[in-house]
Amino acid sequence: MNIQLDYSITIDEFLEMVDSVGWKIYSELQVEKALENTMYMVKATVDGELAGIGRVVGDYSIVCILTDICVKPKFQGKGIGLRITNELKKLIETNVSEGEKMQIELTPTAGNEAFYAKAGFKYRPDKITGMYLWIKK
Ligand SMILES: CC(C)(COP(=O)(O)OP(=O)(O)OC[C@H]1O[C@@H](n2cnc3c(N)ncnc32)[C@H](O)[C@@H]1OP(=O)(O)O)[C@@H](O)C(=O)NCCC(=O)NCCS
């Protein structure tokens, strides 16, 4: 299996990926704006076929958010999600100088906590509990 990582995601690829895992489909305009304002994005292809994506948004300094990590069902369980996440972590690290720290936040969907733990993320509900709010119109 030839897994290749690239650093761009088109609107169609983004929509194909989120659809493949049953997430809400956004409008093309909303995706275009989101991708334009993304810090880092990584796409994985397997033998030329789109297999997974992930991206990071943030301020390049103190905080960023890992989001939209998804792998097509037929490619899950082959280490692709972890490769994408680790690659994004490496890109984020380039913003951190000696003596500084930067937080990567994420809100895992239920059942995927162990996946992110494999990528080094900590779950400490005694200290921090993630929360979220959707703004809908
Ligand atoms: C979650 C997801 C991104 C994982 O990607 P993946 O390519 O299937 O995961 P990997 O094969 O890289 O798994 C890496 C390790 O995490 C483990 N793992 C993966 N998903 C897991 C889960 N849900 N629960 C527990 N462990 C999990 C794997 O067993 C593997 O462990 P190993 O290294 O000991 O063998 C993928 O299943 C997915 O896209 N799911 C649907 C969308 C989604 O929910 N995304 C997360 C949003 S927060």
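Just the heavy atoms: all of them, side chains too, but no hydrogens, waters or symmetry mates, feed the values below. Order of appearance sets the numbers: ligands from 1, and atoms from 1 within every ligand.
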In terms of atom number and element, which parts of ligand 1 are under 4.0 angstrom from non-hydrogen atoms of [X]?
{"X": "Trp23", "value": "42 (C), 43 (C), 44 (O), 45 (N), 47 (C)"}
{"X": "Lys78", "value": "11 (O)"}
{"X": "Gly79", "value": "10 (P), 11 (O), 12 (O)"}
{"X": "Thr109", "value": "44 (O), 46 (C), 47 (C), 48 (S)"}
{"X": "Pro108", "value": "48 (S)"}

task: Search all heavy atoms of Thr109 against all heavy atoms of Asn112 and return the closest pair with its distance.
output: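 The pair with the smallest heavy-atom distance is OG1-ND2, 2.9 Å.
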
message: Are there over 12 heavy-atom neighbours, none belonging to Glu28, within less than 6.0 Å of that residue's CD?
response: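 Atom CD in Glu28 is not crowded, with 12 or fewer foreign heavy atoms closer than 6.0 Å.
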
[atom]: protein heavy atom closer than 4.0 Å?
{"atom": "atom 35 (O) of ligand 1", "result": "no"}
{"atom": "atom 29 (O) of ligand 1", "result": "no"}
{"atom": "atom 21 (C) of ligand 1", "result": "yes"}

field: Ion pair Glu49/Lys74, N-O distance below 4.0 Å
entry: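 Yes, charged N to carboxylate O under 4.0 Å.
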
query: side-chain contact (heavy atoms from CB on, under 4.5 Å) with Thr107: which residues, sequence neighbours excluded?
result: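 side-chain contact (heavy atoms from CB on, under 4.5 Å) check on Thr107 returns nothing, list empty.
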
message: Under the rule for side-chain contact (heavy atoms from CB on, under 4.5 Å), what residues qualify as partners of Leu29, not counting sequence neighbours?
response: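 In terms of side-chain contact (heavy atoms from CB on, under 4.5 Å), with neighbours along the sequence ignored, Leu29 is linked to Ser27, Glu32.
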
query: Side chain of Asp19, backbone of Glu16: donor and acceptor closer than 3.5 Å?
result: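 Here the side-chain-to-backbone pair does not exist.
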
message: Using only atom types and a distance under 3.5 Å, with no angle test, would you say the side chain of Glu87 pairs donor to acceptor with the backbone of Ile84?
response: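 The answer is no, because no donor-acceptor pair under 3.5 Å joins these two groups.
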
With respect to [X], determine whether any N or O atom, backbone or side chain, lies less than 3.5 Å from an N or O atom of ligand 1.
{"X": "Gly111", "value": "yes"}
{"X": "Thr107", "value": "no"}
{"X": "Arg83", "value": "no"}
{"X": "Tyr116", "value": "no"}

Is it the side chain, the backbone, both or neither of [X] that has a heavy atom closer than 4.0 Å to ligand 1?
{"X": "Lys118", "result": "side chain"}
{"X": "Leu82", "result": "both"}
{"X": "Glu113", "result": "neither"}

message: Quick check on side chain to side chain contact (heavy atoms under 4.5 Å, CB included): which of Asp68, Ile69, Val42 does Arg55 satisfy it with?
response: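 It is Asp68, the one option of Asp68, Ile69, Val42 that forms the side chain to side chain contact (heavy atoms under 4.5 Å, CB included) with Arg55.
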
Rounded distance [0.5 Å steps], CZ in Arg83 versus NZ in Lys78: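 The CZ atom of Arg83 sits 14.0 Å away from the NZ atom of Lys78.
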
Heavy-atom proximity to atom 25 (C) of ligand 1, best of Gly77, Ser20, Ala114: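 Shortest heavy-atom distance from atom 25 (C) of ligand 1: Ala114.
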
task: Just go through Val71, Asp68, Ile69, Ile53 and tell me whose heavy atom is the nearest to atom 45 (N) of ligand 1.
output: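 The nearest heavy atom belongs to Ile69.
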
Distance-only donor-acceptor check, side chains Gln4 and Asp6, under 3.5 Å: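 Short answer, yes.
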
